[in-house]
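Here the structure is laid out as structure tokens; the discussion comes afterwards.
Remember, it's a predicted structure, so these values are computed and weren't measured experimentally. All heavy atoms count here, side chains included; hydrogens, waters and symmetry mates do not.
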Amino acid sequence: MGEKILYDTIFARSFSRYDQKKLGYGAFLACFLIALSFSTVFKPYLGPLTVNKRLSINDGLKMVRANDTISSNATFFSNVVISFNATVEMVSDGSSNMSSTSRNDTIGFSTSSSKTLGFNYTNGVIRNDTRLMPVLEINNGSSSQQGQGGVPEKIIEPICNIEGRTEFCEMNGDIRINGKSSTVLQVGMMTENSSWIIGPYARKGDREALSHVTKWRVKTGVKDGDNGVHQCNRYHGVPAVVFSLGGYAGNNFHDYTDIIIPLYLTSRQFNGEVKFLITNKNPWWINKFKTILRNLSHYDPIDIDNEQQVHCFPTVIIGLKRDPKELTIDPSRSPHSMKEFRQFLRTTYSLKKTTTVKLTNNNRRKRPRLLILSRKKTRAFTNTKAIATMARTLGYKVIIAETDSNVAKVAETINACDVMMGVHGAGLTNMVFLPNNAILIQILPIGGFEWLARTDFEEPSKDMNLRYLEYKIKTEESTLIQQYPPHHEVIRNPGAIAKQGWNAFKAVYLQQQNVKLDIHRFRLILSRAIELLHE
């Protein structure tokens, strides 16, 4: 106590009352500055943690970068979902503002701001798909990014995928499509301002095909009020797929390998709750495949090129997914397979026959059905009746038919047969309707068709659970010997004609050539088919 009195006495003598007060203010200010300095220096270590994630995607995908802020009370795995080779199925719950899906064009979702959509992506169900594009979803946990009710909103990055034979982009959020300008905009999402040009036809690299396909501009990172950003005129509560009927549409082979099978791969995940936006509309094509379109989508197709309104969707896929090989779905890279696709066709056209007839020595009353694919213009059989007569002596019931645009009738006819034979051409694509274990016989004209025959029909037939036989004609069986002398380059060296380009090759070997089969020689092939039906 005495020490404290002595200290106070010395302090009072050293400073006047005014000086003491002034010194007190100075000490307070110094303490404040020291506290402020500590706060500034150590703030990065005391605040929320910042996580930087870089994801490298193959097949031409851009590096995806995501910055996510995680507060101390945030749950990381509930806010960030990173799924490679997966697709997201959106499931609406009671808290969602998204209206129930209907088949009219009433407002399917609402936007409470330029960033917060009226549907809840948090309820996305992740399915492990191996072929579908990667999806990156992020909930930003910072308070400035909170949606209604304190639920963090999601940042969904658009991904454009470039593969061997196709390119496609998938976008989620406030997606606006302007058919007049052929643009697809992602509005109000926290994404970089980027732009792509895409031809939505699944034959990338084929200049001839893509020259007949409208190019679409895909833009992200745009906002309401930006130049060229129009307000929505029609809202849709289901996803959309944009694809072209340009290219080689109308050729039966390309109809399936470039459009139908890729469309199945792209849209099957939506179970019919998807709208098709068609560019380069072809009414004849749509009428031909209307039954397939109706079984993939519950809605009428939209001729987007002629739409004056701006259409808005929660999810849009521009372009179609496809396998690099023709008429193929690789189940190791896709959630689907050709087996499932062929079952889809059987269901779509109510086809009855699943498996081919099983021949036995004890029951010779069963007669396998042989379909001879007839052609009128080129690569036609000139002795069809003789072929049919010989086949009947082997025990076949013979049907001679030419395919046309009546797909339902063609499917029914082919599905009822056990063996189908025809000259290399688009008509053989109808093997998709054959029952399991059926036999495809491809006749190769002269001209060096081996590579085309293998890639277009032989290899795909294996994935369709079909058996394959091949018959390569001799020069004497081609009608070209009636048009060119034996030593002409067309007969002697087809490779030289092929070097002149595809149009020169096609003009000679595809458009000028018919086939007269050697009946005795071809009999061996039909006999082999009978043996296979006994196995």
Query - Stepwise side chain to side chain contact (heavy atoms under 4.5 Å, CB included) test for Ile304 and Ile278 - result: CA-CA 6 Å; Ile304 193 61; Ile278 298 178; 5.9 Å; no
Query - Residues Lys223, Val229; criterion side chain to side chain contact (heavy atoms under 4.5 Å, CB included); working and verdict - result: CA-CA 7 Å; Lys223 299 178 181 179; Val229 178; over 6 Å; no
**Report entry** side chain to side chain contact (heavy atoms under 4.5 Å, CB included) between Ile317 and Phe270, intermediate numbers included
**Finding:** CA-CA 12 Å; Ile317 301 176; Phe270 301 116; 4.1 Å; yes
Report task. Test Ile441 against Met420 for side chain to side chain contact (heavy atoms under 4.5 Å, CB included), laying out the working first. Result -> CA-CA 6 Å; Ile441 303 175; Met420 182 175 80; over 6 Å; no
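The closest side-chain heavy-atom distance from Leu293 to Leu263 is below 4.5 Å. In this structure, the side chains of Leu327 and Met431 come closer than 4.5 Å at one or more pairs of heavy atoms. With contacts defined as side-chain heavy-atom distances shorter than 4.5 Å, the pair Asp456/His424 qualifies. Thr220 places a side-chain heavy atom less than 4.5 Å from the side chain of Trp196. Side chains of Phe449 and Tyr509 form a contact here, defined as non-hydrogen atoms less than 4.5 Å apart. Looking only at side-chain heavy atoms (C-beta outward), Thr315 and Met171 stay at 4.5 Å or farther from each other. In this structure, the side chains of Pro435 and Thr354 stay at 4.5 Å or more apart for every pair of heavy atoms. Inter-residue side-chain proximity for Pro324 and Arg165 is flagged as met; some heavy-atom pair is nearer than 4.5 Å.
Closest of all the heavy-atom pairs between Pro200 and Ile318 is CB-CG2, 4.4 Å. Minimum interatomic distance between Ser374 and Glu402 (heavy atoms only, all atoms of both residues): O-CG, 3.2 Å. When all heavy atoms of Ser182 and Lys215 are compared, the pair lying nearest together is CB-O, 3.7 Å. Minimum heavy-atom separation, Ala249 to Ile259: CB-CD1, 3.8 Å. Here the closest heavy-atom approach between residue Glu163 and residue Lys204 is recorded as O-CD, 4.0 Å. Residues Leu351 and Leu345 come closest through the heavy atom pair CD1-O, 4.2 Å.
At a threshold of 4.0 Å, the pair Arg203-Glu326 counts as salt-bridged, since one of the basic side-chain nitrogens sits closer than that to a carboxylate oxygen. Looking at Glu340 and Arg268, no side-chain N of the basic residue comes within less than 4.0 Å of a carboxylate O on the acidic one, giving no salt bridge. A salt bridge links Arg176 with Asp174: the distance from a Lys NZ or Arg NE/NH1/NH2 to an Asp or Glu carboxylate oxygen falls below 4.0 Å. Between Lys288 and Asp255 there is a salt bridge, since a side-chain N of the basic residue sits under 4.0 Å from a carboxylate O of the acidic one. Electrostatic pairing of Asp305 and Lys281 does not count as a salt bridge here, judged by no charged N lying under 4.0 Å from a carboxylate O.
With hydrogens and angles ignored, the 3.5 Å screen pairs a side-chain donor or acceptor of Gln513 with a backbone N or O of Ile446. In this structure a side-chain-to-backbone donor-acceptor pair under 3.5 Å is missing from Arg375 to Ala380. Remark: the backbone N or O of Thr266 is paired with a side-chain donor or acceptor of Gln269 at under 3.5 angstrom. Asn282 places no side-chain N or O within donor-acceptor distance of the main-chain N or O of Leu245, the cut-off being under 3.5 Å. Looking at Thr347, its side chain does come within 3.5 Å of a backbone N or O of Gln343 through a donor-acceptor pair. No side-chain donor-acceptor contact under 3.5 Å links Arg379 to the backbone of Pro445.
Results of the side-chain hydrogen bond (donor to acceptor under 3.5 Å, both in side chains) test with Tyr201 over Thr214, Asp258, Thr166 single out Asp258 as the only residue that passes. Checked against Phe457 for a ring-ring contact (aromatic ring centres under 6.0 Å, His included), the options Phe253, Tyr468, Trp451 give a single hit: Phe253.
Side-chain contact, Asn465 with Arg342: no donor N or O sits under 3.5 Å from an acceptor N or O. With no hydrogens or angles considered, a side-chain donor-acceptor pair links Asp224 and Gln231 at under 3.5 Å.
When the shell of 6.0 Å around CG of Asn251 is examined, it contains more than 12 heavy atoms from other residues, nucleotides or ligands. No more than 12 heavy atoms of other residues, nucleotides or ligands lie within 6.0 Å of CD in Glu412, so this atom counts as exposed by the packing criterion. Summarising the local packing, CZ of Arg346 is surrounded by more than 12 heavy atoms from other residues, nucleotides or ligands at distances under 6.0 Å.
Between Phe433 and Tyr256, the ring-plane angle classifies as perpendicular under the 30° and 60° cut-offs. Ring geometry, His311 versus Phe313: the interplanar angle falls under 30°, so the pair is classed parallel (tilted spans 30 to 60°). Taking the six-membered ring where tryptophan is involved, the planes of His254 and Tyr248 are tilted, since the angle between them lies from 30° to 60°.
For the atom pair CD1 of Ile260 and CG of Leu265, the computed distance is 12.0 Å after rounding to the nearest 0.5 Å. Rounding to the nearest 0.5 Å places CG of Leu440 at 9.0 Å from CG of Leu373. In this structure, the separation between SG on Cys417 and CG on Asn430 is 11.5 Å, given to the nearest 0.5 Å. Taken from NE2 in His236 to CD1 in Ile177, the straight-line distance is 8.0 Å, to the nearest 0.5 Å. Taking OG of Ser244 as the reference point, atom CG of Leu210 lies at 8.5 Å (rounded to 0.5 Å). One distance of note links CZ of Arg322 with CD1 of Ile261; it measures 8.5 Å at 0.5 Å rounding.
Close placement of the Tyr264 and Phe344 rings is indicated, their centers lying within 6.0 Å of each other. With ring centers used as reference points, His336 lies 6.0 Å or more from Phe341. Between Phe243 and Phe168, the ring centre distance reaches or exceeds 6.0 Å.
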